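Keep in mind that what you see is a predicted model, and the values were worked out from it rather than measured. Throughout, a chain's letter reflects where its sequence line sits, starting with A, and its residues are numbered from 1.
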There are 2 protein chains.
Amino acid sequence: MTPSTTIEPVFDRLLQVAVEVFAECGFRETTVREICSRAHVNVASVNYYFRSKEALYSQALAFAFRETNRLYPQDAALDKSLPPEQRLAVFINNSLHKLLDDNQLGLHSKLIAREIADPTNALDDIMETALVPQIALLEDIIRLILKEPVDKVIVQRCLLSILGQCLMFKHSRSIIDRLYPELIADAAAIQASAEHIAQFSLAALSRLTLPKEQTTP
Amino acid sequence: MTPSTTIEPVFDRLLQVAVEVFAECGFRETTVREICSRAHVNVASVNYYFRSKEALYSQALAFAFRETNRLYPQDAALDKSLPPEQRLAVFINNSLHKLLDDNQLGLHSKLIAREIADPTNALDDIMETALVPQIALLEDIIRLILKEPVDKVIVQRCLLSILGQCLMFKHSRSIIDRLYPELIADAAAIQASAEHIAQFSLAALSRLTLPKEQTTP
DNA sequence: GCTTGTATTAAACAGTTGTTTAAAATGATT
DNA sequence: AATCATTTTAAACAACTGTTTAATACAAGC
């Protein structure tokens with residue numbers, strides 16, 4: 001048995017390269033041979049260390065989730081001493097950078113986004129461990145902003161509204177690249193986009209709590 | 001043996017089945033044998049009528065766009081005599097039904113959403129003919145709602161906010177299915193979700209035009 | 001009849017896929 | 001040095017891929 005404290009070079013290299021290639025090409029389009037070629041290991045290594053290509057994918061996905069949450073922790077959004085409006089802004093800004101950072105490790109979110117858009121059997125395992133906590137956090141923040149207690153489905157719909165605005169930048173990246181490339185040109189632009197989403201969402205939330213006075217004040 | 005009930009030519013049958021299978025499995029996972037099998041034609045037919053599998057995909061994608069715009073025309077949203085707030089609500093409701101209708105022809109939007117999330121070479125051809133007009137329409141409506149003239153990028157960001165909320169229901173369907181399946185259970189739920197998006201967005205838009213100091217009444 | 005052009009077919013092609021095998025290399029323990 | 005389990009390797013496997021081929025079927029025109 002290999003001690004869990006010492007890292008296995010081939011195993012680790014395989015996992016990292018797998019995230020890279022799976023994120024780039026998707027599950028089906030990536031070949032085991034491509035992964036092994038980039039990792040400079042034999043083709044049989046995948047079936048030796050992992051049971052199969054599918055098992056490697058599953059582990060790579062879990063690894064990607066762990067990495068994103070390690071590199072982009074939601075500490076400030078979890079800080080209950082801050083006003084919820086600020087926590088929401090932090091959550092959105094953090095999520096957007098998580099999704100859009102293209103430097104080397106944006107691959108993790110790319111793989112995750114791909115899995116969400118076109119799920120495989122591995123999704124269910126991931127949901128519980130990594131996605132549900134994020135959702136719960138956002139739900140809490142929304143509930144705090146909508147001070148008075150509201151129907152559960154309203155909170156859920158608001159959550160989807162906010163999350164949808166964020167995920168747009170990942171799932172519909174192809175459209176944004178073609179229509180408004182300047183909106184995600186650099187880090188400053190991304191931050192500005194995040195601020196817009198926060199502002200847009202806070203405006204909507206604060207309006208929803210008010211009684212049904214129509215557009216004319 | 002000639003099919004007595006369906007006298008549809010092989011070309012048309014191939015195109016329809018292609019939309020179905022490509023939407024279900026994506027470009028790469030789809031095999032021409034599967035398409036031909038479901039269409040009850042020989043394997044060579046794809047290369048006979050269309051040049052290649054890729055050409056068939058390209059034509060299937062264009063066909064899907066034509067069909068969605070035929071089945072869900074944006075007439076009411078185009079009606080310039082209506083108030084822009086109502087036109088926005090119609091646009092959103094129409095888009096959401098377009099995206100979520102699973103009856104037989106929701107396949108078209110499924111194929112399109114797949115292409116947006118994971119674009120192939122065929123996307124650029126489609127953008128111009130089918131997507132840009134929809135975007136332009138939404139841009140116009142937003143500009144009307146934000147009465148006073150605002151910066152171009154603000155309109156663009158608001159457009160992405162609204163579009164993101166709609167596309168969420170398609171691109172992240174896997175998440176919604178697992179977290180809040182009741183939100184898209186039936187046509188009534190979909191309509192309610194559409195009304196929420198419209199309300200959420202209108203609230204945000206009307207707030208964005210006002211000065212920001214109005215947090216507490 | 002025959003010819004001509006199109007449509008359809010079964011079979012084969014050439015390449016790639018994930019996976020397995022069985023031999024060889026490695027490294028620690030005796 | 002010999003034994004043992006573990007790791008690495010090249011090669012082969014069987015199945016599947018998109019595409020092509022060459023033989024056929026079929027209709028219309030002469």
What is the distance, rounded to the nearest whole Å, between atom NZ of A:K53 and atom C1' of D:dC16?
13 Å
Please report, rounded to the nearest Å, how far the P atom of D:dC16 is from the CD atom of B:E34.
13 Å
Counting only heavy atoms not in B:E54, do more than 12 sit closer than 6.0 Å to its CD atom?
no
Contact class for B:V10 vs. all strands (heavy atom < 4.0 Å): base, sugar-phosphate, or nothing?
sugar-phosphate
Whole-Å gap separating P (D:dT7) and CZ (A:F50)
13 Å
In terms of ring plane angle, is the pair A:Y57 and A:F22 parallel, tilted or perpendicular, where the classes change at 30° and 60°?
perpendicular
So what is the end-to-end bend of the helix from C:dG1-D:dC30 to C:dT30-D:dA1, with 5 pairs used at each end and the value given to 10 degrees?
20°
Quick check for you: name the first and last nucleotides of DNA chain C, 5' to 3', having an atom under 4.0 Å from a heavy atom of chain B.
C:dT6 to C:dA12
Could you tell me how the ring of A:H108 sits relative to the ring of A:F63: parallel (under 30°), tilted (30 to 60°) or perpendicular (over 60°)?
perpendicular
B:R33 atom CZ is separated from D:dT19 atom P, nearest whole Å, by 11 Å
Side chain of A:Y48 only, heavy atoms from C-beta on: which candidate in D:dT19, D:dT8, D:dA10 is closest?
D:dT8
Nearest heavy-atom contact between A:C158 and A:L205 is SG-CD2, 3.7 Å
Under a 4.0 Å threshold between the charged nitrogen and the carboxylate oxygen, would A:K80 count as salt-bridged to A:D140?
no
Identify whether any heavy atom of B:S45 sits under 4.0 Å from a base atom; if not, whether one sits that close to sugar-phosphate; answer base, sugar-phosphate or nothing.
nothing
What's the shortest heavy-atom distance between B:N42 and B:C36, and which atoms?
O-SG, 3.4 Å
A:N47 CG - D:dA10 P separation (whole Å):
16 Å
Side chains of B:T120 and B:E115 only: does a donor on one sit below 3.5 Å from an acceptor on the other?
yes
Please give, in whole Å, the distance from D:dT7 C1' to A:H40 NE2?
19 Å
Closest non-hydrogen atoms of A:I112 and A:L61, given as atom of the first, atom of the second and distance, are CA-CD1, 4.4 Å
Salt bridge (charged side-chain N to carboxylate O under 4.0 Å, His left out) test vs A:E24 passes for just one of A:K110, A:R114, A:R38, namely A:R38
Look at all strands and tell whether B:Y49 reaches a base, only sugar-phosphate, or nothing, counting heavy atoms closer than 4.0 Å.
sugar-phosphate
Nearest nucleotide by nearest heavy atom, which residue falls closer to the 5' end of DNA chain D, A:V41 or B:T31?
A:V41
